[in-house]
K.L.:
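Shown below is the structure under consideration.
All of these numbers come straight from a predicted model, not from anything done at the bench. For this chain, numbers begin at 1 and follow the sequence in order.
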Amino acid sequence: VQLQASGGGLVQPGGSLRLSCAASRNVLTFKSMAWYRQATGKEREWLARIAANGQTDYADSVKGRFTISRDIAKNTLNLQMNSLNPEDTAVYYCHGNRGAHYWGQGTQVTVSS
């Protein structure tokens, strides 16, 4: 199973960015999928999760700003990020749980003016 994250880049404060994670398996075969991030010098932080039944939950730090979703036809996991601020700068990782755990390679998001 492979996960390939993309969509990172440089964005100004207050801007938006959409991350995608392409899965090599049907996304509905995952018990859950999630997004994490890791800023320089900090531990990896869980951000958002979507369960197999579509239920979502979010960390307080991103609730109301980030939205996790799946595109079943494209086998992708997405993260829509709005109202970005410099504290959101990090490498973002997608994760999939099929009993075994899988990680994407990470995509850099930099929020700066």
K.L.:
Rest of the hydrophobic cluster containing Y93 (Ile/Leu/Val/Met/Phe/Trp/Tyr, side-chain heavy atoms under 4.5 Å)?
P.N.:
Y36, W46, V91, W103
K.L.:
Which residue pairs satisfy the disulfide (SG to SG under 2.5 Å) criterion with at least one member in residues 32-77, sequence neighbours excluded?
P.N.:
none
K.L.:
Please name all residues satisfying side-chain hydrogen bond (donor to acceptor under 3.5 Å, both in side chains) with T110, sequence neighbours left out, ordered by chain then number.
P.N.:
Q108
K.L.:
Sorted by first residue and then second, give each salt bridge (charged side-chain N to carboxylate O under 4.0 Å, His left out) pair with at least one member in residues 69-81; sequence neighbours left out.
P.N.:
none
K.L.:
First locate atom CD1 of I50, then atom CG of L79, and finally report the distance between them rounded to the nearest 0.5 Å.
P.N.:
11.0 Å
K.L.:
Could you pull out the closest heavy-atom pair between Y58 and T67, with the gap in Å?
P.N.:
OH-CA, 3.4 Å
K.L.:
Which residues satisfy the side-chain contact (heavy atoms from CB on, under 4.5 Å) test with D60, sequence neighbours excluded?
P.N.:
K63
K.L.:
Looking at residues at least two apart in the chain, or sitting in another chain, which of them share a side-chain contact (heavy atoms from CB on, under 4.5 Å) with V109?
P.N.:
L17, L19, M81, Y92, V111
K.L.:
Rounded at 0.5 Å granularity, tell me how far OG in S61 sits from CG in D88.
P.N.:
8.0 Å
K.L.:
Tell me which pairs pass disulfide (SG to SG under 2.5 Å) where either residue lies in residues 46-92, with sequence neighbours left out.
P.N.:
none
K.L.:
Please round to the nearest 0.5 Å and tell me the distance separating atom CG of L47 and atom CZ of F66.
P.N.:
6.5 Å
K.L.:
Per the salt bridge (charged side-chain N to carboxylate O under 4.0 Å, His left out) rule, what does the pair list look like for residues 41-53, sequence neighbours excluded?
P.N.:
R37-E45, R49-D57
K.L.:
Tell me every residue that passes side-chain contact (heavy atoms from CB on, under 4.5 Å) with R18, counting only those two or more places apart in sequence or in another chain.
P.N.:
S69, N78, Q80
K.L.:
For the residue pair T107 and A5, what are the closest heavy atoms and their distance?
P.N.:
CG2-CB, 4.3 Å
K.L.:
Can you tell if the side chain of W35 reaches within under 4.5 Å of the side chain of V62, non-hydrogen atoms only?
P.N.:
no
K.L.:
To check you understand the geometry: which heavy-atom pair defines the closest contact between S112 and P13, and what is its length?
P.N.:
C-CD, 3.6 Å
K.L.:
May I have the list of side-chain donor-acceptor pairs in residues 21-29 shorter than 3.5 Å, sequence neighbours left out?
P.N.:
{"from": "S24", "atom 1": "OG", "to": "Q2", "atom 2": "N", "distance (Å)": "2.7"}
{"from": "S24", "atom 1": "OG", "to": "Q2", "atom 2": "O", "distance (Å)": "3.4"}
{"from": "N26", "atom 1": "OD1", "to": "L28", "atom 2": "N", "distance (Å)": "2.8"}
{"from": "T29", "atom 1": "OG1", "to": "N26", "atom 2": "O", "distance (Å)": "2.6"}
{"from": "T29", "atom 1": "OG1", "to": "R98", "atom 2": "NE", "distance (Å)": "3.1"}
{"from": "T29", "atom 1": "OG1", "to": "R98", "atom 2": "NH2", "distance (Å)": "3.4"}

K.L.:
Roughly how far, to the nearest 0.5 Å, is the CG atom of L77 from the SG atom of C94?
P.N.:
6.5 Å
K.L.:
Looking only at non-hydrogen atoms, find the nearest pair between M33 and I68 and report the distance.
P.N.:
O-CD1, 3.9 Å
K.L.:
Not counting sequence neighbours, which residues clear side-chain contact (heavy atoms from CB on, under 4.5 Å) with K31? List them please.
P.N.:
N97
